[in-house]
Protein chains: 2
Amino acid sequence: MVISARVHYACVAMLELAIQNEEGSPVAIREITDRHGVPGPFLVQILRSLRALGWVQSIRGSQGGYRLSVDPTTITLLDIAEAIGSQETGCRTEAKRTPIAAMLQEQWEDAAEASRRVLGQATLSGLVERAQHGDASMFYI
Amino acid sequence: MVISARVHYACVAMLELAIQNEEGSPVAIREITDRHGVPGPFLVQILRSLRALGWVQSIRGSQGGYRLSVDPTTITLLDIAEAIGSQETGCRTEAKRTPIAAMLQEQWEDAAEASRRVLGQATLSGLVERAQHGDASMFYI
DNA sequence: ATAAATGTGATCTCTTTAGTCAAGTATCTA
DNA sequence: TAGATACTTGACTAAAGAGATCACATTTAT
């Protein structure tokens, strides 16, 4: 479970959209890049992926932007990481599959599973709530 | 905690040395590459790192090879992964450090910690024992 | 001597990641 | 209807790291 900048930004964007979900108006890319310093054209790419997943909806034209189109209680950081991140190749090697190698693979898998379990419990809504309770400065709007 | 081929091979080598530790004679690189299909010159590099860590001792000349120079009960897969692998940069990004970003970083850290905990409990001796009990075919010599 | 091993440093290629750019399309508002 | 705002699309580049290789040097058992 490697967290690239791409995955991190995707999560930032999803959280930002989740926070502003109650508001009726969509959130412009510009607003996210200003607030979080994410490189604009890069964020565009990422939002495209999120839209392809059906997690986000885009509204074109003036006053346009993005809106969350899923229930934030159902999406976890794990979902985002697995959908946006690289496909967990898991160590491409030329070596033989010996018993030792197999045993090690099991360990790598156990370790990966452990971190998946952590991220799989962090829902967007959970994080939003935590942000709003824990620190008032997170509560814009 | 990303497991590269380099880390995987290092663990294979350490396990192989741990298994043959009772034997007096050192283990040649050739023997490891033959048995596990690890690319030879690559393994040389890796063993160099392991030697620099003081975990392995090299004997030059004919009949030479490598020998474990630490207690296999004290070295875990986590130790090897952290020593050999890349330094867990943790997402180099140009973005601002906003509350949302900070909250996410915490999650990434929690996830990484979870997998570290798994690997930190897998000692070389534990794995060797498991290999020898679980599957007779692992018990060469 | 010679064969069997490791020691060292440089190098090479491929993939991924991060980030950019330009030209186009849709929509609101005045 | 003009213009500003904002998303759409696809190609593109630069840098870094991973995986792997090579040539040549050195050491040691027999």
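Just so it is clear: chains get the letters A, B, ... in the order the sequence lines come, proteins before strands, and each one is counted from 1.
The A/Q45 side chain lies nearest to D/dA11 when the options are D/dA11, D/dA20, C/dT6.
Using a 4.0 Å heavy-atom cutoff across all strands shown, A/I29 reaches sugar-phosphate atoms only and no base atom. Counting any heavy atom pair closer than 4.0 Å across all strands shown, A/G64 reaches sugar-phosphate atoms only and no base atom. Nucleic acid contact class of B/G65 (heavy atoms, under 4.0 Å, all strands): sugar-phosphate only. Contacts of A/R30 with the nucleic acid, taken as non-hydrogen atoms under 4.0 Å apart, are absent.
For A/R6 against C/dG19, no side-chain N or O and base N or O form a donor-acceptor pair under 3.5 Å. Side-chain atoms of B/R51 stay outside donor-acceptor range of the base of C/dG7, with no qualifying N/O pair under 3.5 Å. Side-chain N/O atoms of B/R60 and base N/O atoms of D/dT26 include a donor-acceptor pair closer than 3.5 Å.
Spacing between atom NE2 of A/H8 and atom C1' of C/dG19 amounts to 16 Å, rounded to whole angstrom units. Between the CZ atom of B/R48 and the C1' atom of C/dA5 there is a distance of 15 Å, given to the nearest Å. Note: CZ (B/F42) to P (D/dA18) measures 9 Å, nearest angstrom. Rounded to an integer number of Å, the gap from B/Q63 CD to D/dT30 C1' is 9 Å. The separation between A/L50 atom CG and D/dC7 atom P is 14 Å, rounded to whole Å. To the nearest angstrom, P of D/dT8 lies 9 Å from CG of A/L47. Between B/I59 atom CD1 and C/dG7 atom C1' there is a gap of 14 Å when expressed in whole angstrom units. A/R67 has its CZ atom 14 Å from the P atom of C/dT27, to the nearest Å.
Of the side-chain N and O atoms in B/Y9, none sit less than 4.0 angstrom from OP1 or OP2 of D/dA18. Put simply, A/S62 has no side-chain N or O that comes within less than 4.0 Å of OP1 or OP2 on C/dA26.
Looking at which nucleotide of DNA chain C each of A/P41 and A/G61 is closest to, the 5′-most match is held by A/P41. Closest-nucleotide positions on DNA chain C for B/S58 and A/L43 were compared, and the one nearer the 5' end corresponds to B/S58.
In this structure, B/P72 and B/A18 approach most closely via the heavy-atom pair CB-CB, 4.4 Å. Of all heavy-atom pairs spanning A/P26 and A/Q63, the tightest one is CG-O, 3.4 Å.
The shortest distance between side-chain heavy atoms of A/L50 and A/I84 falls below 4.5 Å.
Of the possible polar contacts, one joining the A/D79 side chain to the A/T76 backbone as a donor-acceptor pair under 3.5 Å is found. Side chain of B/S69 to main chain of B/G54: a donor-acceptor pair is present (N/O by atom type, distance under 3.5 Å, no hydrogens or angles).
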